[in-house]
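This report concerns only the one structure given below.
Side chains are part of it too, since the values below use all heavy atoms of this structure and drop only hydrogens, waters and symmetry mates. Note that the structure is a prediction, hence the values are computed from the model and not measured. Along the sequence shown, residues are numbered consecutively beginning with 1.
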Amino acid sequence: MSNYNINTICVQGGYEPKNGEPRVLPIVQSTTFKYESSQQMGNLFDLKEAGYFYTRLANPTNDAVANKICQLEGGAAAILTSSGQAANFYAILNIAGAGDHVIASSAIYGGTYNLIANTMKNMGIEATFVDPDILPEELESKFKPNTKLVFGEILSNPSLKVLDIEKFANAAHKAGVPLIVDNTFPTPIFCRPFEWGVDIVTHSTSKYMNGSANAVGGAVVDSGNFDWEKYSEKFPGLTTPDETYHGVVYTKSFGKAAYITKMTTNLMRDLGAIPSPQNSFYLGFGMETLHLRMERHYENALAIAKYLEKHPKISWVSFPGLENDSQYALAQKYLPKGTCGVVSFGIAGGREAAVKFMDSLRLAAIVTHVADARTCVLHPASTTHRQMNDEELVAAGVSPDLIRISVGIEDVRDLIADIEQALEK
Ligand SMILES: *Cc1c(COP(=O)(O)O)cnc(C)c1O
C-alpha cells in the first residue's frame with residue numbers, strides 16, 4: 001500500500017482485510033487476547049513472536065491506524081498515543097532524561113512549550129528555546145555535549161511560523177542528534193517532513209487528522225533514518241542492553257523500528273498513554289477524507305485571509321498563503337500545495353474589539369479547539385496561552401490582540417457573510 005499515492009493511502013492505507021474479513025477496520029475493544037498455552041504468551045512477552053496480548057502494548061485497531069499514518073508520512077514505524085501532548089512527551093523522553101539538554105524552537109504550541117519549559121525541566125531535562133529565524137551559526141552555538149535532540153513545529157500553532165526545516169536538520173545532524181518536528185497543522189497532505197531531513201514526526205491527531213473533533217489523540221512516526229549506533233554514547237537506551245526488557249538491544253533487534261519499539265516497551269509499559277481502540281477507529285475513519293478536507297480548508301482560509309486583508313477594521317492578517325506574508329517564501333518551499341486552514345489576525349481596537357467581534361459571530365463558534373470541519377475562533381492570550389507572560393507570548397509569536405480563526409469546510413460565502421456582520425458590530 002505504501003507505494004500508492006498519498007490520496008489512496010488516506011482512503012485504504014493501514015488496513016488490508018484478507019479473504020472474508022470485515023471491509024471496514026474492526027474496533028477491537030478488548031484489553032486482552034487469549035492464548036492456548038503459557039509458552040506462547042511467554043514468547044510474546046519476550047518479543048520473540050509478534051502478537052497481541054494486552055492493549056496497552058499493542059491492539060489491532062490502534063496498529064492499523066498507526067500504520068496508515070506511518071505510510072502517509074513515509075516512515076518506518078509509528079505508534080498512536082492518547083493525545084498530542086503524550087506524543088510530544090514520549091518523543092522527547094524516549095531519548096532524553098535527567099541531566100540531558102534539548103533545543104526547541106520558541107514558536108510552538110503553548111501546551112508543548114509548558115511541557116518542555118516546566119514539566120520536563122522539573123524532570124531534569126534542560127531546554128534552550130531559540131527564535132525560529134535564528135542564524136545557522138548561532139543555532140550551532142546552542143548545542144552542548146549533553147544535547148539530545150532538536151524540536152520544532154512545521155507550522156506553529158497559533159503563530160503560523162514556517163520552520164526552516166533544512167536549517168534545523170543540518171544543525172541537528174552536525175551535532176549528531178535527531179530533529180523531531182510536530183506536523184499537526186500541515187498534515188502529511190501538505191508536508192512530508194522526512195523528505196526534508198527530519199528524523200521523527202509527531203502529531204496531535206485531535207486536529208485535522210481526525211477532522212471532526214470527536215477524539216483526542218496523537219502519533220509518533222520514526223523515519224528510521226537516524227543512525228543511533230553512530231552516536232551510541234549519546235543514546236545508550238537504544239544501543240545497549242535494556243535490562244528492564246530481557247537485555248534487548250533495540251538497534252540490534254529492531255533496526256529501523258528501534259526507536260518506536262523502545263517507546264512501546266518502556267514508555268507505554270510504564271506510563272500507558274494509549275488511545276482507546278474506539279478513538280483510533282474515529283481517527284482512521286476521519287483520515288479517509290483527509291486529502292479532500294485539507295484542500296478545502298486551505299482554499300477557504302486563503303479566501304478569508306484575502307477578504308480580511310482588505311477590510312478597514314482589520315489591523316493585520318497572518319496567513320502563510322498570502323504573498324506579502326513574512327512566511328510566504330518558506331511556505332512556498334516547504335508547503336507549496338497549501339498550509340492549513342488557520343488564519344491569525346488583529347482587529348483595530350485591540351483586546352476589547354476582539355472580544356466583541358468574537359461574541360458577535362453566529363456560524364463560527366468560540367471553542368478551545370482548532371482544525372476541524374467546523375469553523376471556530378479563539379483568543380489565545382486569554383485561553384490556550386494564558387500561562388505565558390507578555391514576553392513569552394511575544395517570543396511565541398502571539399500578540400494580545402491576536403484572534404485565531406480555524407476555517408472549516410463550510411461554504412466560504414456563508415463564512416465571509418458571518419465575519420462581515422460581526423465586524424459591522
Ligand atoms: C493541539 C496540539 C498539540 C497537543 O495535542 P492534544 O491532542 O490536544 O494533546 C500539540 N501540538 C500542536 C501543534 C497542537 O496543535
Checking [Y] against [X]: is there a side-chain donor and acceptor pair closer than 3.5 Å?
{"X": "Ser212", "Y": "Asn214", "value": "no"}
{"X": "Asn210", "Y": "Asp372", "value": "no"}
{"X": "His173", "Y": "Asp199", "value": "yes"}
{"X": "His369", "Y": "Ser406", "value": "no"}

| said: Before you tell me yes or no, could you show the steps for Ser159 and Ser156 under side chain to side chain donor-acceptor pair (under 3.5 Å), namely the whole-Å CA-CA distance, both residues' side-chain angles and the distance that decides it to 0.1 Å? | reply: CA-CA 6 Å; Ser159 57; Ser156 61; 2.6 Å; yes

| request: Taking ring-ring contact (aromatic ring centres under 6.0 Å, His included) as the test, write out the residues that go with Phe254, two or more places apart. | output: none

| task | Apply ring-ring contact (aromatic ring centres under 6.0 Å, His included) to the pair Tyr245 and Tyr250, showing each step before the final yes or no. | result | CA-CA 10 Å; Tyr245 223 96; Tyr250 293 103; 7.4 Å; no

| Is the Tyr52 ring parallel, tilted or perpendicular to the Phe33 ring (thresholds 30°, 60°)? | tilted

| query | Is the closest basic N to carboxylate O distance between Glu140 and Lys174 below 4.0 Å? | reply | yes

Taking the side chain as everything from C-beta on, heavy atoms only, tell me whether [X] gets closer than 4.5 Å to [Y].
{"X": "Phe319", "Y": "Ser344", "value": "no"}
{"X": "Glu309", "Y": "Asn324", "value": "yes"}
{"X": "Val177", "Y": "Val150", "value": "yes"}
{"X": "Tyr259", "Y": "Phe226", "value": "no"}

| message | Test side-chain contact (heavy atoms from CB on, under 4.5 Å) on Phe151 and Val102; report intermediate values, then the result. | response | CA-CA 8 Å; Phe151 183 91; Val102 304; over 6 Å; no

| request: Kindly say whether Lys18 contributes a backbone atom to a donor-acceptor pair with the side chain of Glu21 at under 3.5 angstrom? | output: yes

| task | Determine, stepwise, if the pair Asn266 / Asn94 fulfils side chain to side chain donor-acceptor pair (under 3.5 Å). | result | CA-CA 8 Å; Asn266 289 178; Asn94 206 34; over 6 Å; no

| field | Considering all heavy atoms, the nearest Glu295-Phe190 contact | value | N-CZ, 4.2 Å

